[in-house]
Amino acid sequence: MTKTITFNELRRIKDSLPDGSILKIADELNVTPQTVRNYFGGNNYEFGSNCGLHIEPGPDGGIVVLDDTVIYDMAMKILEAQNA
């Protein structure tokens, strides 16, 4: 399932995650931590892969289309648990 979000909102989610969340998500999905960082707008493809993130210019940092929301969903669950 795809999701459309602004780039700035995607970065706010990443920046709101507690310490260790990137590594936790990476471990659960058996991917590198850099792959998770790339999902949140990073661009180091030497140590991580592309995760189906498409960015188009636009307001609020641009429009991001996420092809797969698994990492996004995991991040949101972590944030919900943190705020509960």
With side-chain hydrogen bond (donor to acceptor under 3.5 Å, both in side chains) as the rule and sequence neighbours excluded, what pairs involving residues 16-25 come up? none

Same cluster or not: are V31 and Y39 linked, directly or through other Ile, Leu, Val, Met, Phe, Trp or Tyr residues, by side-chain heavy atoms under 4.5 angstrom apart? yes

Quick one: CG on N8 to CG on D60, what's the gap to the nearest 0.5 Å? 4.0 Å

CG-CZ distance between D15 and F40, expressed to the nearest 0.5 angstrom: 10.0 Å

With the side chain counted from C-beta on, respond yes when V65 and K3 share a heavy-atom pair under 4.5 Å apart, and no when they do not. no

Separation between CD1 (I25) and CG (L17), nearest 0.5 Å, reads 5.5 Å

What residues form a side chain to side chain contact (heavy atoms under 4.5 Å, CB included) with E9, not counting sequence neighbours? I5, T6, R12, I13

Would you say R37's side chain and I22's backbone share a donor-acceptor pair under 3.5 angstrom? no

Residues 71-84 side chain polar contacts: donor-acceptor under 3.5 Å, at least two apart:
{"unit_1": "D73", "atom_1": "OD2", "unit_2": "T69", "atom_2": "OG1", "d": "3.1"}
{"unit_1": "N83", "atom_1": "ND2", "unit_2": "L79", "atom_2": "O", "d": "3.2"}

Under the side chain to side chain contact (heavy atoms under 4.5 Å, CB included) test, which residues partner L23, sequence neighbours left out? D27, P33

Beyond-backbone contact of T2 with L66, side-chain heavy atoms, under 4.5 angstrom: no

